[in-house]
Amino acid sequence: MPPKKRARVKPEQGQSAEHQDSAEEVTKVKRKTSNPKDSGKKSTNVVAQAEKPIFCHWLMKSEPETRFENGIDVKFGIEDLKALPNQTGCWDGVRNYQARNFMKDMKVGQQAFFYHSNCKEPGIAGLMKIVKEAYVDHTQFDKKDAHYDASSKMENPKWFMVDVQFERMMRRYIPLSELKKLHLQHKAKGGALKDMALFTRARLSVQPLTSEEFDFVMSLEDQDPS
DNA sequence: GCCAACGTTGGC
DNA sequence: GCCAACGTTGGC
């Protein structure tokens, strides 16, 4: 029952467009108040509404090699997605609020990298696209599921998932080691990958990419590994 | 609301 | 298998 980890995907669940707009515990808008000792009067305090950046590209991690969690194999690599009917599955099992919130931001048609984690050679394996926006992740209520969450109630579900469809393999596998090298170079001298979430938010299983990051990674496909 | 203890992620 | 980084929990 520990809140958990990374995603596992299963064949698409029913089509009921669950629109549960959950009470949001996490996202709060940041307001900046002016000097607290300004006794009361100027409520000049305007709001530096740090607008939430709109992301259009994503990276989603899953494990392509067998590993048991609560007695259940959580293996799910890109080949497993490809093998599903319509090459489509739901990205269930995400049990982290930030990752969940990013999934809630996803829109139909957006692209995501399928990232292989916790395996021999971690890296980006292919591309998929979002085919259904966030809806309730039913596995949170399933005691037999690896990601069962006893603390989540049907009336107010905590966890959500999206449906993704396999698009294509990368023309070559882009290993983490190569991305990391580039990230370090870019950090030192500037470049598209200097703030890439894969390194700055290492443990986040669903993460956004800026267009620059996405395009840069895509450009690596046709280059020789550096 | 702070923060120490604990648990997980995931590369190595 | 180790363990650093960091998110979550729970006592106060």
Side-chain angles (χ1 to χ4, degrees), chain A residues 1-9 22-33 36 52 55 58-81 91-105 112-126 128 137 139-143 145-153 156-161 170 172-188 193-209 213 217 220 225-226:
Chain A
M1 39 219 60
K4 303 233 205 143
K5 35 224 74 170
R6 165 174 64 255
R8 181 167 61 107
V9 188
S22 64
E24 206 50 283
E25 58 280 60
V26 169
T27 344
K28 32 186 76 140
V29 184
K30 227 167 243 168
R31 276 164 199 276
K32 186 193 281 170
T33 37
K52 147 159 126 175
F55 293 105
W58 310 96
L59 179 150
M60 302 169 85
K61 301 179 183 177
S62 186
E63 304 184 31
E65 295 173 5
T66 289
R67 186 176 64 83
F68 290 91
E69 204 174 298
N70 305 331
I72 296 149
D73 188 0
V74 296
K75 161 183 169 0
F76 192 86
I78 196 163
E79 295 298 341
D80 298 298
L81 176 60
W91 203 268
D92 66 325
V94 171
R95 297 295 182 267
N96 169 280
Y97 290 112
Q98 290 184 50
R100 180 203 68 180
N101 291 344
F102 283 130
M103 285 201 296
K104 286 185 169 187
D105 291 338
F113 288 126
F114 195 123
Y115 178 88
H116 280 172
S117 67
N118 204 19
C119 56
K120 206 58 166 296
E121 178 158 58
I124 294 174
M128 53 193 175
D137 177 347
T139 65
Q140 67 199 296
F141 306 121
D142 179 358
K143 291 200 166 83
D145 191 274
H147 305 110
Y148 172 64
D149 181 357
S151 74
S152 183
K153 298 290 163 250
N156 186 20
K158 285 188 180 172
W159 308 114
F160 291 76
M161 62 189 182
M170 299 305 280
R172 70 176 177 90
Y173 190 79
I174 314 285
L176 175 65
S177 57
E178 179 177 348
L179 292 168
K180 186 174 217 161
K181 251 186 262 171
L182 291 162
H183 164 68
L184 291 173
Q185 287 172 17
H186 292 189
K187 223 170 47 162
L193 303 191
K194 68 177 168 8
D195 298 319
M196 193 182 188
L198 192 55
F199 306 102
T200 59
R201 321 285 345 268
R203 297 185 311 154
L204 193 56
S205 68
V206 174
Q207 42 182 264
L209 283 84
E213 290 165 347
V217 173
L220 296 174
S226 41

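Excluded from the calculations below are hydrogen atoms, water molecules and symmetry mates; all remaining heavy atoms, backbone and side chain alike, are included. Letters go in sequence order (proteins before strands), and every chain restarts at 1.
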Evaluation steps, side chain to side chain donor-acceptor pair (under 3.5 Å), between A:D195 and A:T200:
CA-CA 6 Å; A:D195 298 319; A:T200 59; over 6 Å; no
Criterion side chain to side chain contact (heavy atoms under 4.5 Å, CB included) on A:Y115 and A:L176, from CA distance to verdict:
CA-CA 9 Å; A:Y115 178 88; A:L176 175 65; 3.5 Å; yes
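In this entry the distance linking CZ of A:R67 with P of C:dG1 reads 14 Å, nearest Å. Remark: P of B:dC12 and CD of A:E121 are 11 Å apart, rounded to the nearest angstrom. For the pair A:N101 CG and C:dT8 P, the interatomic distance rounds to 10 Å; values are reported in whole Å. The distance from atom CG of A:L198 to atom P of B:dC12 is 10 Å, rounded to the nearest whole Å. Distance A:L184 CG to B:dG11 C1': 14 Å, rounded to the nearest Å. B:dG10 atom P lies 8 Å from atom OH of A:Y115, rounded to whole Å. Atom pair A:D149:CG and C:dT8:P shows a separation of 12 Å (rounding to whole Å applied). Between A:N118 atom CG and C:dA4 atom P the separation is 18 Å, expressed in whole Å.
Residue pairs meeting the salt bridge (charged side-chain N to carboxylate O under 4.0 Å, His left out) criterion with at least one partner in residues 172-185 of chain A, sequence neighbours excluded, are A:R172-A:E178.
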Which protein N or O atoms sit under 3.5 Å from an N or O of nucleotides 5-7 of chain C?
unit_1, atom_1, unit_2, atom_2, d
C:dC6, O4', A:R203, NH2, 3.0
C:dC6, O2, A:R203, NH1, 3.1
C:dC6, O2, A:R203, NH2, 2.7
C:dG7, OP1, A:R201, NH2, 2.7
C:dG7, O4', A:R203, NH2, 3.2

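Phosphate proximity of B:dC12 to A:K180: present, with a side-chain N or O under 4.0 Å from OP1 or OP2.
Side chain to side chain, A:E69 and A:H147 meet the donor-acceptor criterion of an N or O pair below 3.5 Å.
Judged as a salt bridge (Lys or Arg N to Asp or Glu O under 4.0 Å), and not counting sequence neighbours, the contacts of A:D80 are A:K75.
Ring planes of A:H116 and A:Y173: tilted class, angle from 30 to 60°.
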